[in-house]
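Just below is one structure, and these are the notes that go with it.
Numbered from 1 within each chain, the chains take letters A, B, ... in sequence-line order.
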There are 2 protein chains.
Amino acid sequence: MLRFGEEDFKNWERFYRANFFNSLGGFKSLNLLGTQNKKGVTNLATFFSAIHVGANPPLAAILFRPHTVPRHSLENLRETGYFTLNSMPVSKVEQAHQASAKYEEGQSEFKALGLTEQYESFAKAPYVLESAIKFCLKLREEHLIEANQTILVVGEIVEAIVSEEALSADGHVEHTAVNNLLVNGLETYYTANVQKRFEYARPETKPKVKQ
Amino acid sequence: MLRFGEEDFKNWERFYRANFFNSLGGFKSLNLLGTQNKKGVTNLATFFSAIHVGANPPLAAILFRPHTVPRHSLENLRETGYFTLNSMPVSKVEQAHQASAKYEEGQSEFKALGLTEQYESFAKAPYVLESAIKFCLKLREEHLIEANQTILVVGEIVEAIVSEEALSADGHVEHTAVNNLLVNGLETYYTANVQKRFEYARPETKPKVKQ
């Protein structure tokens with residue numbers, strides 16, 4: 001085992017350090033964040049940081065890192081109050097990665113990437129038609145992380161669009177059913193295989209595999 | 001495609017809703033959070049919400065959900081100022097799941113689960129010996145999410161312990177090299193396969209596969 005401490009972290013070359021800390025924490029979901037500005041110019045950005053915040057009310061959060069992510073998405077969702085998160089299948093891995101490129105303002109990533117805008121109940125945020133599991137959020141809160149000036153944006157999920165084959169009878173949304181991507185680090189993309197599905201864990205019993 | 005809105009979300013049965021929103025956002029890293037209290041009683045809890053916050057200084061965050069996660073971990077890390085995040089291999093999937101059971105105060109999950117405490121530079125937080133990629137964090141900030149009273153805890157990474165076989169020459173930590181688990185929903189565990197590794201994305205070029 002290799003052990004690294006604060007002195008190592010300070011002395012590492014910048015890209016080595018970025019690769020290390022972006023991948024240390026493990027696998028993440030991959031989402032394209034869809035927004036548009038007041039003029040109707042749409043924007044897509046790759047996000048690796050969506051987290052579940054709660055089920056009732058349904059809440060999710062994403063983190064905006066000022067130095068690495070174009071800020072158009074943040075400006076847009078502040079303007080309109082809405083944004084979408086769109087998972088992507090392995091067949092669209094090139095487009096998912098390319099969405100992290102820094103396109104200029106006024107240029108829509110949808111067109112540049114060959115992806116299709118889709119509008120449902122909340123017309124102020126575009127979905128990605130090619131995504132089989134996606135949801136729309138309404139901006140609820142922002143929190144400034146003082147340690148590095150990143151911004152946590154919390155949204156309430158106001159609509160969800162899910163491919164029928166991915167939805168289990170108990171409500172579980174199975175991303176492997178639509179060959180969805182996951183990611184780690186700055187540029188490594190993965191698919192997943194189910195290993196185990198358990199019943200709810202209790203201290204007095206051993207883990208039970210779900211039938 | 002199935003479309004659901006706010007009326008559906010309100011009317012769903014509680015467990016269906018929990019399953020749906022815990023899995024909608026996609027795959028997550030799985031970590032066991034290691035802490036101890038002032039008396040030296042250790043605690044492990046399963047966490048699905050670790051996110052990368054920044055590389056310089058190295059920061060990560062986790063979300064505490066008051067109603068679903070035992071609060072011992074939060075109380076402990078407030079007492080000592082330190083906590084560890086420990087990824088887990090597929091060979092320990094039963095223990096990883098069982099760590100989400102609500103054990104009583106004063107009972108260490110290490111012993112109940114048959115996992116081994118490991119102490120390195122920061123003796124106030126136990127690592128899991130069986131974990132091949134793990135790190136220790138110092139508490140930096142807490143943010144209360146007003147929408148549902150969850151708490152985002154931001155920590156600075158002060159030590160990282162990584163199996164040599166997982167560390168690439170460019171700093172990328174490859175969790176598949178040590179068969180690490182990922183998770184989605186409340187109880188479904190996965191392993192991953194690398195699909196693509198790209199060069200940094202630029203608007204003027206097509207995605208290039210990394211050699």
Side-chain angles (χ1 to χ4, degrees), chain A residues 1-6 9 16-27 29 49-52 54-55 58-60 87 90 93-94 97-98 100-101 103 140 143 147-148 158-162 164 170-173 175 182 185 187-193 195-198 201-203 207, chain B residues 1-6 9 16-27 29 49-52 54-55 58-60 87 93-94 97-98 100-101 103 140 143 147-148 158-162 164 170-173 175 182 185 187-198 201-203 207:
Chain A
M1 299 291 274
L2 305 169
R3 186 156 65 82
F4 304 105
E6 291 171 274
F9 304 158
Y16 188 95
R17 186 170 54 222
N19 284 331
F20 186 86
F21 288 111
N22 274 279
S23 56
L24 181 64
F27 305 106
S29 62
S49 61
I51 54 168
H52 173 70
L59 300 164
S87 66
V90 64
V93 63
E94 275 84 8
H97 180 66
Q98 191 63 17
S100 64
Y103 288 93
R140 285 288 298 264
H143 294 266
N148 71 346
V158 290
E159 186 176 60
I161 297 177
V162 176
E164 201 160 353
D170 65 357
H172 178 79
V173 180
H175 283 248
L182 56 146
E187 75 292 278
T188 310
Y189 298 85
Y190 308 79
T191 53
N193 302 307
Q195 292 293 331
K196 293 270 183 184
R197 197 160 180 213
F198 291 114
R202 297 175 196 283
Chain B
M1 299 291 274
L2 305 169
R3 186 156 64 82
F4 304 106
E6 291 171 275
F9 304 157
Y16 188 94
R17 186 169 55 221
N19 283 331
F20 186 84
F21 288 110
N22 274 279
S23 56
L24 180 65
F27 305 106
S29 62
S49 61
I51 54 167
H52 173 70
L59 300 163
S87 65
V93 63
E94 274 83 8
H97 180 65
Q98 192 63 18
S100 64
Y103 288 93
R140 285 288 299 262
H143 294 266
N148 71 345
V158 290
E159 187 176 60
I161 297 177
V162 176
E164 200 160 355
D170 65 357
H172 179 78
V173 180
H175 283 248
L182 56 147
E187 76 290 281
T188 310
Y189 299 85
Y190 307 80
T191 52
N193 302 306
V194 175
Q195 292 293 330
K196 292 269 183 184
R197 197 160 180 214
F198 291 114
R202 299 176 194 284

Interface residue of largest heavy-atom contact number with chain A, from A160(B), S29(B), A192(B), under 4.5 Å: A160(B)
For the interface with chain A, which of G54(B), G185(B), G25(B), A50(B) has the highest count of heavy-atom pairs at distances below 4.5 Å? G25(B)
Which answer fits R202(B), side chain, backbone, both or neither, if we ask what part of it has an atom under 4.5 Å from a heavy atom of chain A? backbone
Heavy-atom pairs under 4.5 Å with chain B - which of F20(A), Y189(A), Y190(A) has more of them than the others? Y190(A)
Sort F9(A) into side chain, backbone, both or neither according to what part of it lies under 4.5 angstrom from a heavy atom of chain B. side chain
Between H97(A), H143(A), M1(A), E164(A), which has the largest tally of heavy atom pairs under 4.5 Å with chain B? H97(A)
Option that, when pairs with chain B are counted at under 4.5 Å, heavy atom only, ranks first among A55(A), A18(A), G5(A), S49(A): A55(A)
Best-contacting candidate, V194(B), I161(B), T191(B), L182(B), against chain A by heavy atom pairs under 4.5 angstrom: T191(B)
Look at the side chain of H172(B) and the backbone N and O of L24(A), then say whether any donor-acceptor pair between them is shorter than 3.5 Å. no
Given heavy-atom pairs under 4.5 angstrom as the criterion, report whether the side chain, backbone, both or neither of I51(A) touches chain B. side chain
So how far is it from E187(B) CD to D170(A) CG, rounded to the nearest 0.5 Å? 6.5 Å
Results of side chain to side chain donor-acceptor pair (under 3.5 Å) for S23(B) - residues two or more places apart only: none
Heavy-atom distance under 4.5 Å to chain A: side chain of F4(B), backbone, both or neither? both
Partners meeting salt bridge (Lys or Arg N to Asp or Glu O under 4.0 Å) with E94(A) (sequence neighbours left out): K196(B)
Can you tell me if R3(B) uses its side chain to pair, donor with acceptor, with the backbone of E159(A) under 3.5 Å? no
To the nearest 0.5 angstrom, please state how far the CG atom of N19(A) sits from the OH atom of Y16(A). 9.0 Å
Under 4.5 Å from any heavy atom of chain B - which part of V90(A): side chain
A60(B), part contacting chain A, at a heavy-atom distance under 4.5 Å: neither
Counting only heavy atoms closer than 4.5 Å, note whether L59(B) contacts chain A via side chain, backbone, both or neither. side chain
Is chain A contacted by the side chain of S87(B), its backbone, both, or neither, given a heavy-atom distance below 4.5 Å? neither
Do you know the tightest heavy-atom contact between A147(B) and R140(A)? CB-NH2, 3.6 Å
